Amino acid sequence: MADRIRREDLEELMEPVEGPCVSIFMPAHRGGPQTAQDPIRLKNLLSQADEELRAMGLRTPEVAELLEPGRRLLEDQGFWRRQSDGLAVYLSAGELRTFRVPLDLDELVIAADRFHVKPLLPMFTVDGRFFVLALSQNEVRLLQGSRFHVEEVDLRRVPEDLLEAMRYEDLEKERQLHVATRGGVGAAAIFHVHGVGGEVERDLIARFFRQVDAGLWKEELHDEHAPLVLAGVDFLLPMYREISRYPSIVEEGVVGNPDRFRPEELHQRAWAILEPIFAQTIREDRDRYAELEPAGRTAATVPDILTAAEQGRVDVLFSATGEHLWGRVDGRVEVHSDPQPGDEDLLDLAAVRTLLTSGRIHAVEPDEVPGDGPVAAILRY
């Protein structure tokens, strides 16, 4: 099964690998008759990878061995039943890694000396990825979203509801827990403890939220920085915000019983909150670029940006989505009009170096990049 990509995965993909690396990107489908076309699409892309590896000088047995783990995926029905909107496949000597992402990925095959990550950058940019945490006393859901898509995250260490959380604490001897549903189908569950008032009920919910936060932090959010939008009835949201250790919870939330909202509805409501925040961040960074350009605190050519990024000087990188600039870096930067065997995407390399030195990235449309090129940077010094 393809994994959900995390920042630690991205950092591992950036590490040097011995021997050639194959990076494959393709659109995928969550369900429906189109899913039958996805293995065929991967088969064709593996054939393209075969040709590129041979062009790099690999012999037939070496190519077959490197691509074999990918070919085995073609017959793995369980793998294809659980997909998102995009699929990334990484192959190197004896290794296969796959990631399902809520992104519309174009078909792309790159065989080079390192893995290619640029198509996945919208999952890690300041303005391209977010979470929605839907909280009620009878259900917890974590959604991962991008601008156009959303998918639910499988939660393994998070209690499904308040009743399950209380089982963890073995409180059955101390209380009687009754569930009463009001307002018809879909209404939130109300938990009553005999002989006590609202403060005890509030304490139970707080303990429930502490378990939710602990599970999310350990499994899902400890290395994340993406904005998190809370969804729930109005009195629950400030309670969770006060308890949670996650630093990037958005102040405004989706108010209402989230059990009534499908993932697509939660996505739409969360994006309405986040879109102006993201747009403001880009505007502010573009304004900073204009202010710092006369002082020499910006860069707009690939060689300058690659050098600055390697030195840890890139604070903010603007990178055009869908654009590639092929070449090599071997003491000096060599740019080619068409990709040659062994070339890498220099825009991808600039992004990798920026992320490795804690810079921020805006993956934007080409006309949103300051200047006339496909990439631009604000420098720290």
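A quick note: this is a predicted structure, and the numbers were derived from the prediction, not measured.
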Looking at [X] and [Y], would you say the former's side chain and the latter's main chain have a donor-acceptor pair under 3.5 Å?
X	Y	value
Arg269	Phe261	no
Arg297	Leu379	yes
Glu265	Arg262	yes
Arg286	Glu368	yes
Trp80	Leu73	yes
Ser136	Asn138	yes
Ser248	Pro227	no
Asp213	Arg245	yes
Arg353	Leu306	yes

For [X] and [Y], which heavy atoms make the closest approach, and how far apart are they?
X	Y	answer
Glu220	Asp154	OE2-O, 3.5 Å
Ala111	Glu52	N-OE1, 3.2 Å
Ala320	Pro366	CB-CA, 3.8 Å
Asp304	Ala299	CB-CB, 4.2 Å
Ala231	Val132	CB-CG1, 4.4 Å
Ile305	Leu317	CG2-CD1, 3.8 Å

Can you tell me how far the [atom1] atom of [X] sits from the [atom2] atom of [Y], to the nearest 0.5 Å?
X	Y	atom1	atom2	result
Met26	Asp106	CE	CG	12.5 Å
Ile5	Tyr90	CD1	OH	6.0 Å
Ile205	Leu135	CD1	CG	10.5 Å
Thr357	Glu310	OG1	CD	10.0 Å
Cys21	Leu91	SG	CG	9.5 Å
Glu224	Glu8	CD	CD	9.0 Å

Indicate yes or no: at least one non-hydrogen side-chain atom of [X] is less than 4.5 angstrom from one of [Y].
X	Y	result
Val369	Glu323	no
Ile243	Phe208	no
Val150	Trp271	no
Gln37	His29	no
Val109	Glu51	no
Met123	Pro102	yes
Leu66	Val22	yes
Gln137	Glu201	yes

| Steps toward side chain to side chain contact (heavy atoms under 4.5 Å, CB included) verdict (Glu219, Val158) | CA-CA 9 Å; Glu219 285 292 317; Val158 176; over 6 Å; no

| query | Angle class for the Phe318/His362 ring planes (parallel below 30°, perpendicular above 60°, tilted otherwise)? | reply |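 Because their plane-to-plane angle lies in the 30° to 60° range, the rings of Phe318 and His362 count as tilted.
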
| query | Going by the angle between their ring planes, with limits at 30° and 60°, are Phe278 and Phe130 parallel, tilted or perpendicular? | reply | tilted

| field | Partners meeting side-chain contact (heavy atoms from CB on, under 4.5 Å) with Glu293 (sequence neighbours left out) | value |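 Testing Glu293 for side-chain contact (heavy atoms from CB on, under 4.5 Å), a comparison that skips the adjacent residues, returns Tyr289, Thr298.
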
| Cationic N near anionic O, under 4.0 Å, Glu151 to Arg82 |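 Not counted as a salt bridge, because no side-chain N and carboxylate O are separated by less than 4.0 Å.
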
| query | Salt bridge or not for Arg54 and Asp50, using N-O below 4.0 Å? | reply |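 The answer is yes: the pair qualifies as a salt bridge.
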
Check whether more than 12 heavy atoms from other residues, nucleotides or ligands sit under 6.0 Å from atom [atom1] of [X], and answer yes or no.
X	atom1	answer
Glu251	CD	no
Glu152	CD	yes
Glu264	CD	yes
Glu334	CD	yes

Would you tabulate the side-chain donor-acceptor contacts of residues 340-350 under 3.5 Å, counting partners in other chains and residues two or more places apart, or write 'none'?
| residue | atom | partner | partner atom | Å |
| --- | --- | --- | --- | --- |
| Asp343 | OD1 | Arg328 | NE | 3.2 |
| Asp343 | OD1 | His336 | ND1 | 3.2 |
| Asp343 | OD2 | His336 | ND1 | 2.7 |
| Asp343 | OD2 | Gln340 | N | 3.0 |
| Glu344 | OE1 | Arg114 | NE | 2.6 |
| Glu344 | OE1 | Arg114 | NH2 | 3.2 |
| Asp345 | OD1 | Leu325 | N | 3.2 |
| Asp345 | OD1 | Leu347 | N | 3.0 |
| Asp345 | OD2 | His324 | ND1 | 2.8 |
| Asp348 | OD1 | Val117 | N | 2.9 |
| Asp348 | OD1 | Lys118 | N | 2.5 |
| Asp348 | OD2 | Arg114 | NH1 | 2.9 |
| Asp348 | OD2 | Arg114 | NH2 | 2.8 |

| query | Would you say the side chains of Gln280 and Glu284 form a donor-acceptor pair under 3.5 Å? | reply |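 Distance-only check passes for Gln280 and Glu284.
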
| Can you get from Leu133 to Phe235 by hopping between Ile, Leu, Val, Met, Phe, Trp and Tyr side chains that sit under 4.5 Å apart? | yes

| task | May I ask whether Ile40 and Leu105 are part of the same hydrophobic cluster, defined by side-chain heavy atoms of I, L, V, M, F, W, Y residues being less than 4.5 angstrom apart, directly or through others? | result |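 No, because Ile40 and Leu105 fall into different hydrophobic clusters, even though each may have its own neighbours under 4.5 Å.
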
| said: If the test is side-chain contact (heavy atoms from CB on, under 4.5 Å), which one of Asp285, Thr281, Thr354 qualifies with Val316? | reply: Asp285

| said: Could you walk me through whether Asp203 and Arg207 satisfy the salt bridge (Lys or Arg N to Asp or Glu O under 4.0 Å) test, starting with their C-alpha distance in whole Å, then the side-chain angles of each, then the deciding distance to 0.1 Å, before giving a yes or no? | reply: CA-CA 6 Å; Asp203 179 65; Arg207 286 150 67 183; 2.8 Å; yes

| task | Apply the test side chain to side chain contact (heavy atoms under 4.5 Å, CB included) to residues Phe79 and Leu87: give CA-CA distance (whole Å), side-chain angles for both, the deciding distance (0.1 Å), then the verdict. | result | CA-CA 11 Å; Phe79 175 83; Leu87 174 65; 3.9 Å; yes

| query | Can Leu266 and Arg141 be said to form a side chain to side chain contact (heavy atoms under 4.5 Å, CB included), step by step? | reply | CA-CA 11 Å; Leu266 287 170; Arg141 289 181 290 164; 3.6 Å; yes

| task | Before giving the answer on side chain to side chain contact (heavy atoms under 4.5 Å, CB included), spell out for Leu13 and Phe99 the whole-Å C-alpha distance, their side-chain angles and the decisive distance to 0.1 Å. | result | CA-CA 12 Å; Leu13 290 171; Phe99 299 99; 4.0 Å; yes

